[in-house]
Engineer: 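Structure in structure tokens, see below.
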Amino acid sequence: MIQDIKHAQAQKREHPDPHENITPVPRKVIVIVSMALLWAVGYIFMANPNSNPALGDSRTPADLSVRAGGGAADGAQLFGAQCAACHQASGGGVPGVFPPLAGSEWVNAKETLPINILLHGISGKLTVKGAAYSGAMPAFGEKMSDAEIAAVLSHVRTHFGNSAGKIDASAVKSVREASKDRKTPWNGDDELDKLK
Ligand code: HEC
């Protein structure tokens, strides 16, 4: 009997068996995470990414289309894309093959002459700065708008040491109209000398 009591007392003195608690998430972490969530949801509503076109590229198709007359044609860019392959980026040409635009008497002549050259091209013998060429200069009349021809010629006439005046799209328009019956390239010096 006494033994039983002693045993019970001994059991009372013992610590309870340890067991694993569920560790609760600290309150601080809960607060920080819910604040971040609130901010994120709020951000999505406030940024409103689909509704403000002014935030994006606001150029219209008319701005981008030179042919429509909206934007300005970029003469330097056109020269690089359409002329530099033959006449070289320096405008110096390739001796005996592609004549120079730098200091050329054709480029720096009265504006109707280079306009006519670009509109219809050239074949046959052409003398440039005292040297004879007999290649073929492609026509750009079909490929380029009045504004583009004006821009590329203005670029050529004011670079490479040239100092002839710029050319207006309206000048190209009138030369285009005046020569609209022409379907073949100019026959080199023979025809172009007469247009000088
Ligand atoms: C495929 C090569 C080629 C391309 C591209 C070309 N040309 Fe020419 N160009 C020639 C050749 C070749 C001649 C000489 C024609 C001849 O010998 O009858 C010439 C002649 C000329 C002339 C008269 C001669 C001179 O040197 O001043 C001008 C002006 C001219 N080109 C401007 C241009 C412009 C501006 C462009 C671009 C829009 C251009 N060319 C694109 C080959 C080209």
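Values below: every heavy atom of this structure, side chains too, minus hydrogens, waters and symmetry copies. Each residue takes its place number in the sequence, starting with 1. Numbering of ligands and ligand atoms starts at 1, following listing order.
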Engineer: Should one rank Gly135, Ser134, Pro99, Ala131 by closest heavy-atom distance to atom 11 (C) of ligand 1, which comes out on top?
Structural biologist: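 The option holding the nearest heavy atom is Pro99.
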
Engineer: Please check: side-chain N/O of Ser179 versus main-chain N/O of Arg182, any donor-acceptor pairing under 3.5 Å?
Structural biologist: no

Engineer: Between Leu78 and ligand 1, find which residue part has any heavy-atom pair under 4.0 Å and reply side chain, backbone, both or neither.
Structural biologist: neither

Engineer: Is it the case that the side chain of Gln82 and the backbone of Phe79 share a donor-acceptor pair, with hydrogens and angles ignored and the cut-off at 3.5 Å?
Structural biologist: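 No, because the side chain of Gln82 does not come within donor-acceptor range (under 3.5 Å) of the backbone of Phe79.
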
Engineer: Using a heavy-atom cut-off of under 4.0 Å, does the side chain or the backbone of His87 touch ligand 1, or both, or neither?
Structural biologist: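 The answer is the side chain of His87.
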
Engineer: Report the nearest protein non-hydrogen atom to atom 34 (C) of ligand 1: residue, atom name, distance rounded to 0.1 Å.
Structural biologist: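 So the nearest neighbour among protein heavy atoms is Cys83 SG, 3.5 Å.
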
Engineer: Hey, is Lys125 close enough to Asp189 for a salt bridge, meaning N to O under 4.0 Å?
Structural biologist: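 Yes, charged N to carboxylate O under 4.0 Å.
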
Engineer: Heavy atom under 4.0 Å from ligand 1: found in Ala136's side chain, backbone, both, or neither?
Structural biologist: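 Backbone only.
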
Engineer: So for Gly188, does at least one of its heavy atoms come nearer than 4.0 angstrom to any atom of ligand 1?
Structural biologist: no

Engineer: Heavy-atom pairs closer than 4.0 Å: do any link ligand 1 to the side chain of Phe98, the backbone, both, or neither?
Structural biologist: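 Side chain only.
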
Engineer: Considering non-hydrogen atoms of the protein only, which is the closest contact for atom 33 (C) of ligand 1, and what is the distance?
Structural biologist: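 Heavy-atom neighbour on the protein nearest atom 33 (C) of ligand 1: Met137 CE, 3.2 Å.
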
Engineer: If you have a sec, work out which protein heavy atom is nearest atom 5 (C) of ligand 1 and how many Å separate them, to one decimal?
Structural biologist: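 The answer is Gln82 O, 3.2 Å.
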
Engineer: Please check if the side chain of Arg157 supplies one atom and the backbone of Ser163 the other of a donor-acceptor pair under 3.5 Å.
Structural biologist: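 No.
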
